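Below is one structure, written out as structure tokens; the observations come after it.
One is the number of the first residue; the rest follow in order along the sequence. Treat the numbers as computed from the prediction; the structure is a model and nothing was measured.
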Amino acid sequence: MAKIKTAIQFGLVYIPITLHSCTKNTDIGFNLIYKKTGQRIKYNKTCEDCPKNIPQEDIVKGYQYERDRYVILTNEELKKLKTKKDENIEILQFAKLSEIDPIFYEESYYIQPMGAKNAYSLLCKALDSEKKVGIAKAVLGSTESLIAIRVIDGKLVLSKLHFADEIQENPVEKTKETVKKEELDLAKQLIDNMTKKFDISEYKNEYKERVQKAIDAKIAGQKIKVVKSERPKTIANLMEALKQSVKESDKQDKEEKVIPIRKRA
């Protein structure tokens, strides 16, 4: 969904809006190719009783309730199930942002007001000053979504949330291993040495860049060169690994803090 036209409603306040996706797909796209002919693999939509390609207008949605038995629901029938309430994003409550675990977040959208700009600014400033988020529900597309409306850089952003029953139980059991105080102190020191302000622009998709260079090289008729790299060093003994890690992080931290002194002329 690139753009979605809807409205936010809290109490009796109504704000018509357009939602713009916050993210874009930057993956390098590959097609499946038949290596013997170099031709692209195509997917034909067929059924068991009709092997020929079926046109899109003849394809409908079906729910399997028994083996090989389906009940058909048309788009018109699904539309009848929507209520007027589903068409708008109705804020049901407000909550602290810290109360929402990041595991529940799905995709996010920028909220653009298409009118009622005073109401938009009011909601934005009120949420920001109270450090709260609005929790809402709405049918976006063909599915109902749980929603969090929050403020980022003075603007409203909508984030779709997973419902509680969509989150799987963590299969990992809580560790019962005892931790030695010296090991814990060293681990804390290592974390402290490696802590700095997070700047996401410092992180690049290096593998994607290497793949793009390889594509360019093959187009130019060149061979792909093997990327040379060393395996990360590891130490089997936990205490020794911690001590060495702290030592190296201390050294790196000091190097980053060194300010070069200009020599006098």
Side-chain angles (χ1 to χ4, degrees), residues 1-29 75 78-170 191-192 194-206 208-209:
M1 300 180 193
K3 292 182 181 179
I4 304 171
K5 290 186 178 180
T6 180
I8 294 174
Q9 186 171 351
F10 66 107
L12 299 177
V13 181
Y14 179 87
I15 310 170
I17 61 169
T18 296
L19 301 177
H20 301 265
S21 180
C22 291
T23 60
K24 59 182 179 180
N25 186 1
T26 62
D27 290 342
I28 296 173
N75 290 333
L78 289 170
K79 192 174 181 179
K80 290 178 181 178
L81 301 177
K82 288 186 179 181
T83 67
K84 292 291 182 182
K85 189 176 180 181
D86 295 328
E87 294 175 0
N88 295 335
I89 300 170
E90 184 182 7
I91 296 178
L92 304 173
Q93 72 161 90
F94 294 94
K96 294 179 181 178
L97 181 61
S98 59
E99 292 174 346
I100 305 174
D101 192 296
I103 200 171
F104 286 99
Y105 283 101
E106 199 176 346
E107 54 188 327
S108 297
Y109 297 85
Y110 298 120
I111 298 175
Q112 179 184 12
M114 304 306 292
K117 292 186 178 180
N118 286 344
Y120 172 92
S121 297
L122 177 65
L123 177 59
C124 187
K125 289 181 180 179
L127 286 176
D128 197 27
S129 62
E130 292 295 309
K131 306 301 178 187
K132 299 284 179 67
V133 296
I135 305 299
K137 284 175 70 179
V139 177
L140 301 179
S142 60
T143 58
E144 187 173 54
S145 297
L146 184 62
I147 289 164
I149 297 173
R150 53 195 173 125
V151 179
I152 299 178
D153 294 330
K155 301 172 186 177
L156 291 179
V157 172
L158 178 150
S159 295
K160 291 173 69 176
L161 302 174
H162 289 288
F163 285 96
D165 61 357
E166 295 176 325
I167 304 299
Q168 297 193 78
E169 186 177 345
N170 192 336
I191 291 171
D192 186 58
M194 295 178 65
T195 298
K196 64 176 183 178
K197 186 176 180 180
F198 177 66
D199 182 0
I200 199 166
S201 65
E202 292 181 358
Y203 295 88
K204 308 294 181 183
N205 191 332
E206 297 177 33
K208 187 184 79 170
E209 291 176 355

Set of salt bridge (Lys or Arg N to Asp or Glu O under 4.0 Å) partners for [X], sequence neighbours left out:
| X | answer |
| --- | --- |
| Glu169 | none |
| Glu106 | none |
| Lys204 | none |

Which atom names give the shortest non-hydrogen contact between [X] and [Y], and what distance separates them?
| X | Y | value |
| --- | --- | --- |
| Ala7 | Pro16 | CB-CA, 3.9 Å |
| Ala119 | Val13 | CB-CG1, 3.8 Å |
| Ile103 | His162 | O-CD2, 3.9 Å |

Any salt bridge (charged side-chain N to carboxylate O under 4.0 Å, His left out) pairs touching residues 4-18, not counting sequence neighbours?
->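 Every candidate salt bridge (charged side-chain N to carboxylate O under 4.0 Å, His left out) pair involving residues 4-18 fails, so no pair, neighbours aside, qualifies.
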[atom1]-[atom2] distance between [X] and [Y], expressed to the nearest 0.5 angstrom:
| X | Y | atom1 | atom2 | result |
| --- | --- | --- | --- | --- |
| Ile15 | Leu156 | CD1 | CG | 7.0 Å |
| Ile28 | Glu209 | CD1 | CD | 9.5 Å |
| Glu144 | Leu146 | CD | CG | 8.5 Å |
| Ser108 | Lys160 | OG | NZ | 10.5 Å |
| Leu92 | Phe10 | CG | CZ | 13.5 Å |
| Ile147 | Glu90 | CD1 | CD | 11.0 Å |

Arg150 charged N/C atom sitting above Phe94 aromatic ring, 6.0 Å / 45° =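 Judged by the rule (NZ or CZ under 6.0 Å from the ring centre, within 45° of its axis), Arg150 is not positioned above Phe94.
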List for me each residue that meets side chain to side chain contact (heavy atoms under 4.5 Å, CB included) alongside Thr6, sequence neighbours excluded, and say none if there are none.
->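 Here the qualifying residues are Ile17, Leu19, Ile89.
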With a 4.5 Å limit on heavy-atom distance, are the side chains of Ile8 and Ile149 in contact?
->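 Answer yes - side chains close enough.
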If we only count heavy atoms from C-beta on, is the Ile100 to Leu161 side-chain gap below 4.5 Å?
->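 When only atoms from C-beta onward are counted, Leu161 and Ile100 do touch, with a gap below 4.5 Å.
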Heavy atoms from other residues, nucleotides or ligands near [atom1] of [X] exceed 12 (cutoff 6.0 Å):
| X | atom1 | result |
| --- | --- | --- |
| Leu81 | CG | yes |
| Tyr110 | OH | no |
| Phe198 | CZ | yes |

Hey, does the side chain of Asp199 reach the backbone of Ser201 with a donor-acceptor pair shorter than 3.5 angstrom?
->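 Confirmed, Asp199 side chain pairs with Ser201 backbone.
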Pairwise side chain to side chain donor-acceptor pair (under 3.5 Å) hits with a residue in residues 112-136, at least two apart =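 The answer is His20-Gln112.
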Quick one: do Lys208 and Thr26 satisfy side-chain contact (heavy atoms from CB on, under 4.5 Å)? Show the steps, please.
-> CA-CA 9 Å; Lys208 187 184 79 170; Thr26 62; 3.4 Å; yes
